[in-house]
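Below: the structure, in C-alpha cells.
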There are 2 protein chains.
Amino acid sequence: MSHAAEAVQSSFTPINRAGQAVSVPASAKSGAAPKRDHLSALQAIGSIAHFARNATIFSEGDDANYFYRVVSGAVRLCKLMGDGRRQIADFLLPDDFFGFEWLKTYSLTAEALTDVVVVRYSRSRLDRLGEARHDVQESLMGALSRDLWAAQNHVVMLGRQSAKERLVSFILALVERVGAKNGDALELPMSRQDIADYLGLTIETVCRTISELKRARYIDVPNRSQITVRNIDALRDIADGEF
Amino acid sequence: MSHAAEAVQSSFTPINRAGQAVSVPASAKSGAAPKRDHLSALQAIGSIAHFARNATIFSEGDDANYFYRVVSGAVRLCKLMGDGRRQIADFLLPDDFFGFEWLKTYSLTAEALTDVVVVRYSRSRLDRLGEARHDVQESLMGALSRDLWAAQNHVVMLGRQSAKERLVSFILALVERVGAKNGDALELPMSRQDIADYLGLTIETVCRTISELKRARYIDVPNRSQITVRNIDALRDIADGEF
DNA sequence: CGTTGCTTTGATGCCCGTCAATGATTGTGG
DNA sequence: CCACAATCATTGACGGGCATCAAAGCAACG
C-alpha cells in the first residue's frame with residue numbers, strides 16, 4: 001500500500017508494516033533471472049503454523065531459526081527488562097513479516113496477541129535463496145529498512161512527544177494502516193496494557209487519554225476493542241503538536 | 001546558520017583514489033571476480049570530504065546520493081519536529097557508517113559535531129557494487145541490522161528508563177565503545193543539549209543527573225568535554241534498575 | 001451468577017520540565 | 001594580552017504531567 005512511503009514526512013506512524021509486498025524497483029535492471037516474483041519464491045519454502053492467544057512464538061535470545069509472516073491474527077514484538085518492565089517494539093498485522101535477524105539469535109520476543117496463523121520460513125533455506133536470488137535479498141533488505149524507519153519514528157515519539165501526542169500518533173498509524181475515514185471503526189487487537197507498553201506510558205494514562213479524546217469528540221469507543229475515528233484532521237494536528 | 005563548510009579534497013581524484021594501491025579489474029561484474037575483501041572493494045569507490053563543526057552533511061528529505069563513513073571527528077543524526085523539538089537518533093564516531101538508505105531520500109539529518117573527515121561513496125556505484133558482489137551486499141545488511149538493533153535499544157531506554165538510568169546507559173555505551181576501564185576518561189564530543197536530545201530529556205535534567213553521579217563518586221567531570229568513570233560496576237547496576 | 005481479568009476513574013505524589021539567575025568557557029576585537 | 005561578548009553549563013525555585021496507589025465498573029466464562 002502506498003501510504004507507507006508517503007506518511008514518512010509529517011505523521012509519526014508507529015506501526016511498522018514489515019515486509020509488505022512493496023514494489024522493488026532495483027531488481028528491474030537485472031532482467032536475466034527467470035521472471036518470477038520474489039513472493040512466490042518465498043512461498044515455495046514456507047510452511048503454516050498456528051499459535052494460540054498469548055503463546056510465545058519465539059523469545060529474545062532464542063536461535064533465530066525461522067522468519068515469519070502473519071497470515072491472520074496479530075503479534076506483538078517486545079523486550080523485557082530484568083525487573084519486569086516491558087517495552088513493545090511493534091505490533092504486526094496480516095502480511096507483516098517478522099523474525100528476520102542478522103545475528104544468530106532473536107533480539108526481541110514475539111507473542112501472539114490473538115490466535116494467529118503464520119507462514120514460517122526456515123532461515124537456512126532463506127539464506128540459500130537469498131544467495132541465489134537477488135530480488136529476495138533485496139526484499140529482505142527492504143524489510144529491514146522499514147523496521148529501522150519505524151524504530152526511528154518510535155524513538156522520536158518516545159523521546160519528544162507527550163502522552164496525548166503518542167496516543168494520537170498510534171491511532172493515526174492504525175488509520176493509515178487500514179485506510180480508515182472519518183466514521184470508520186478501528187480494530188484494536190491489543191490490550192490497554194499493550195498500548196501502554198508500546199507508548200512508554202502506564203495503562204492509567206492510556207485510559208485517561210482515550211477518555212479525554214472521547215470527551216473532545218475526536219473519537220468514539222463503542223467497546224474495548226474498537227475505536228471510531230470522528231475527526232482525523234484534528235487528530236493530525238494534535239499529533240504534530242498543534243494542541 | 002553558518003556558511004556551508006563542505007570541502008571536497010580536490011587534490012585527490014574523487015573517483016579512483018584507491019586505484020593507486022590495488023589492481024581493480026575494470027568490470028566488476030565479470031563472473032570470476034578475484035578474491036578481495038569487501039572493505040577494499042568499497043575503498044575503490046570512495047572519496048574524502050571535510051565538514052566544519054556544526055555543518056550539515058545532509059538533511060532529512062534530501063536525495064540520498066551518498067553513503068558515508070567517519071574517518072575522524074564525530075557526527076550526530078537527528079530528526080526535527082515541526083515545532084522545533086529535536087530528537088537525536090545516534091552519535092557516530094570514527095569508522096561508523098551512516099547515510100545508507102533504502103528509500104530515495106535521507107530519513108535523518110546528519111550534522112558535524114566537530115570538524116569531521118568522512119569517506120563518501122556514491123549510492124549508484126554502491127548499488128552496482130552490491131549487485132555484483134554478495135559480500136558487499138551482506139556488509140550493508142550488517143550495517144542496517146546494527147542500526148536497527150541500536151534503535152530498538154534506544155526505544156527501550158526512552159520508553160522505560162528513568163533519567164538517571166538513561167544517562168548511565170549512555171555513559172556505559174561510551175565505555176564499551178572505547179573499552180574504557182575504571183579511572184579512564186571518556187571524550188564527549190557532543191554538548192549537554194545534544195545529550196539531552198539523545199536521551200529525550202532537558203539539558204537541565206542532564207546537568208543535574210551528571211552532578212548527582214559526581215556527588216555519588218561514580219564519575220568525575222574534569223571539564224565539560226570529559227567524564228572519568230570511577231565505578232563501572234556500580235554504573236551497570238544503576239543502568240539495570242538496581243537503584 | 002459469581003468469578004476472573006480487564007478497564008476506567010479518582011486521589012495523591014514525585015520526577016522531570018520550565019523559568020530564571022549565576023558561573024564557567026570560548027571566541028573576538030582593540 | 002586583556003576586555004568584552006557570546007555561548008554553554010550549572011544550580012535553584014516552582015509547577016505540571018504522568019506514575020502510583022486504590023477502588024469501582026464491566027464484560028466474558030465457568
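Below, read A as the first sequence line, B as the second, and so on, with proteins coming before strands; counting in each chain starts at 1.
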Please report, rounded to the nearest Å, how far the P atom of D:dA9 is from the CG atom of B:L188.
10 Å

Do the side chains of B:L174 and B:L188 get nearer than 4.5 Å, heavy atoms only?
yes

Classify the ring geometry of A:Y106 against A:F58: parallel below 30°, tilted from 30° to 60°, perpendicular beyond 60°.
parallel

Salt bridge (Lys or Arg N to Asp or Glu O under 4.0 Å) with A:E187: which residues, sequence neighbours excluded?
none

Using a 3.5 Å distance criterion without hydrogens, assess whether the side chain of B:K164 forms a donor-acceptor pair with backbone atoms of B:L213.
no

What residue pairs, at least two apart or across chains, pass side-chain hydrogen bond (donor to acceptor under 3.5 Å, both in side chains) with a residue in residues 231-243 of chain B?
B:E176-B:R236

Euclidean distance, atom CZ of residue A:R192 to atom P of D:dG25 [Å, nearest integer]:
19 Å

Taking atom P of D:dA9 as reference, at what distance in whole Å does atom CG of B:D194 sit?
8 Å

Min side-chain heavy-atom separation B:D95-B:R69 under 4.5 Å
yes

Show each protein N/O and nucleotides 22-24 of chain C N/O combination with a separation under 3.5 Å, one pair to a line.
none

Protein-nucleotide distance (A:Q193, atom CD; C:dT7, atom P), rounded to Å
8 Å

Atom pairs, N/O to N/O, protein against nucleotides 18-23 of chain D, distance under 3.5 Å?
unit_1: D:dC18; atom_1: OP1; unit_2: A:A163; atom_2: N; d: 2.9
unit_1: D:dA19; atom_1: OP2; unit_2: A:T202; atom_2: N; d: 3.4
unit_1: D:dA19; atom_1: OP2; unit_2: A:T202; atom_2: OG1; d: 3.0
unit_1: D:dA19; atom_1: OP2; unit_2: A:T205; atom_2: OG1; d: 2.3
unit_1: D:dT20; atom_1: O4; unit_2: A:R208; atom_2: NH2; d: 2.8
unit_1: D:dC21; atom_1: N4; unit_2: A:E204; atom_2: OE2; d: 2.9

A:I195 atom CD1 is separated from C:dC6 atom P, nearest whole Å, by 14 Å

Tell me the interatomic distance from A:N54, atom CG, to D:dA28, atom C1', rounded to whole angstroms.
15 Å

Plane angle bin for A:Y68 and A:F51 - parallel if under 30°, tilted between 30 and 60°, otherwise perpendicular:
perpendicular

Quick one: B:I203 CD1 to C:dC16 C1', roughly how many Å, whole number?
15 Å

Measure the spacing between CZ of B:R120 and CD1 of B:I57 and express it to the nearest 0.5 Å.
10.5 Å

Please work out whether the ring planes of B:F67 and B:F100 are parallel, tilted or perpendicular, with thresholds of 30° and 60°.
perpendicular

Between the first and last five pairs of the helix from C:dC1-D:dG30 to C:dG30-D:dC1, the angle of the axes, rounded to 10 degrees:
40°

For A:D197 and C:dT7, give me the distance from atom CG to atom P, rounded to whole Å.
12 Å

Distance col, row A:L108:CG vs B:L148:CG, nearest 0.5 angstrom, shows 7.5 Å

Salt bridge (charged side-chain N to carboxylate O under 4.0 Å, His left out): pairs with one or both residues in residues 191-206 of chain B, sequence neighbours excluded:
A:R160-B:D197, B:R76-B:D194, B:R86-B:D194, B:R86-B:D197

